**Student:** 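Take this structure first; my questions come after.
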Amino acid sequence: MPVSVRAPGFDLALSLASGQFFRWSRQEDGSFAVVRGPVLFRVRQTGDLLRAEGVDEALLREFFALDQDLRPALRALRRDERLRPALDACRGLRILRQDPWECVAAFITSIASNIPRITRNVADIAAATGRPLQLGGLKAYAFPRPGEMPEEAALREMKLGFRAAYLARAARLAASGLLEDVAHLPYDEAKRALMVLPGVAEKVADCVLLFAYGRLNAFPVDTWIRKTTLRLFFPRRRMSDRRLRAFAAERWGGYAGYAQQVLYHWSRSAPAPASPALVRA
DNA sequence: GGCCAGGTCCAAT
DNA sequence: ATTGGACATGGC
């Protein structure tokens, strides 16, 4: 049965395409096919209305975090003039709430990779091991649970490269309920708990806390954020990732993660600043 | 063809 | 605590 949910100020396409989530595809009719855990659904946005089939209203609200009021975050972040261009470029962006294990797996896969390749790797793993899902004419595969993951050798055949060993070992550890505990822990402890997993250090742990557990304070520092944040706030200076995270926490507090995501998307979509060579010419 | 990609791990300062 | 190199693969 189709469900309709009001989602004022939400941009579905932007939120899906902003690099936080890899299990979606745009259909010819303009709707989006989404796989979230064991659920394949179709969703489209018309104005403030979200219409979906294959999913109940509760999961739709949960996944798109529709019950989370972002206005306090946006109000606070907009006071930062240097963040405004990025915020303006990302109106309607929401941080999704992914399945924790899939998010861990996707961001282990993301190490020194890129979005098209991550998307392909994750789809390959699902197609090789996951249960088939169907919705009308739509077909997809669920991503395997930790206990169902392929062995390292199989992951290597899927071109996961050196990430294969991390992922296979992380799956074994995650099979024992570690990820359920994380939900109840305060940020620092939750992060330490995640970092027990091979392939999960500061950056991946922050991605998981932000994109799966809704911790809007988590500030993942990747190469793009490093470059963009330094350019905006500390031109001609170098800084460790640790200090960068401390800076973000102090400047943006509990909303640093939202700032991170708009900076990430904005820096990748905006034209790069002219290089010195071009300026000279 | 070398450099870099939503890094992590390990060893050596 | 910080730093350098190895680690697979692919795109430009």
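Throughout, a chain's letter reflects where its sequence line sits, starting with A, and its residues are numbered from 1. Being a predicted model, the structure only gives us computed values, none of them experimental.
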**Student:** Arg163(A) near the nucleic acid: base, sugar-phosphate alone, or nothing, with a heavy-atom cut-off under 4.0 Å?
**Tutor:**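 Base, at least one base heavy atom under 4.0 Å.
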**Student:** Tell me which nucleotide among dG10(C), dA5(B), dT3(C) gets nearest to the side chain of Lys159(A).
**Tutor:**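 Nucleotide nearest to Lys159(A)'s side chain: dG10(C).
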**Student:** Assign Leu160(A) to base, sugar-phosphate, or nothing according to its heavy-atom contacts below 4.0 angstrom with the strands shown.
**Tutor:**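 Answer is nothing: Leu160(A) stays at 4.0 Å or more from every strand.
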**Student:** To the nearest 0.5 Å, how far apart are CD in Gln261(A) and CG in Leu210(A)?
**Tutor:**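 Nearest 0.5 Å value for the CD-CG distance: 6.5 Å.
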**Student:** Should the heavy atoms of other residues, nucleotides or ligands under 6.0 Å from CZ of Phe63(A) be counted, would the total exceed 12?
**Tutor:**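 Enclosed.
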**Student:** Hydrophobic cluster membership, with links at side-chain heavy-atom distances under 4.5 Å among I/L/V/M/F/W/Y: are Val35(A) and Phe32(A) in one?
**Tutor:**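 Looking at the clustering, Phe32(A) is in a separate group from Val35(A).
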**Student:** What residue pairs, at least two apart or across chains, pass ring pair (Phe, Tyr, Trp, His ring centres under 6.0 Å) with a residue in residues 155-190 of chain A?
**Tutor:**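 Residue pairs passing ring pair (Phe, Tyr, Trp, His ring centres under 6.0 Å), neighbours aside: none found.
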**Student:** Are OP1 or OP2 of dT9(C) and a side-chain N or O of Arg117(A) less than 4.0 angstrom apart?
**Tutor:**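 No, Arg117(A) has no side-chain N/O under 4.0 Å of OP1/OP2 on dT9(C).
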**Student:** Tell me the closest heavy-atom pair linking Phe21(A) and Leu96(A), and the distance in Å.
**Tutor:**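 Closest heavy-atom pair between Phe21(A) and Leu96(A): CB-CD1, 3.9 Å.
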**Student:** Once you round it to whole Å, what is the distance between P of dA8(C) and CD1 of Ile118(A)?
**Tutor:**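 Result: 18 Å.
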**Student:** Going by the angle between their ring planes, with limits at 30° and 60°, are Phe247(A) and Trp252(A) parallel, tilted or perpendicular?
**Tutor:**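 Plane angle over 60°, so perpendicular.
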**Student:** Would you please confirm or rule out a distance under 4.0 Å between OP1 or OP2 of dA5(B) and any side-chain N or O of Lys227(A)?
**Tutor:**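 Checking Lys227(A) against dA5(B): at least one side-chain N or O falls below 4.0 Å of OP1 or OP2.
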**Student:** Once you round it to whole Å, what is the distance between C1' of dT9(C) and CG of Leu167(A)?
**Tutor:**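 It works out to 16 Å between those atoms.
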**Student:** What string of B, S and - do you get for nucleotides 7-13 of chain B, 5' to 3', when a contact is any protein heavy atom under 4.0 Å?
**Tutor:** BBS----
**Student:** Could you work out the separation of dG1(B) and dC7(C) based on their P atoms and round it to a whole Å?
**Tutor:**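 It works out to 23 Å between them.
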**Student:** For Ser240(A) and for Arg156(A), locate the closest nucleotide of DNA chain C by heavy-atom distance; then report the residue assigned to the nucleotide nearer the 5' terminus.
**Tutor:**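 Whichever sits nearer the 5' end wins; that is Ser240(A).
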**Student:** Using a cut-off of 4.0 Å on non-hydrogen atoms, how would the nucleic acid contact of Arg243(A) be classed: base, sugar-phosphate, or nothing?
**Tutor:**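 Since no nucleic acid heavy atom lies under 4.0 Å of Arg243(A), the category is nothing.
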**Student:** Rounded to whole Å, how long is the line connecting atom CG of Asn121(A) with atom C1' of dT9(C)?
**Tutor:**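 Nearest whole value for this atom pair: 9 Å.
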**Student:** For the residue pair Arg78(A) and Arg84(A), what are the closest heavy atoms and their distance?
**Tutor:**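 Looks like O-NE, 2.6 Å.
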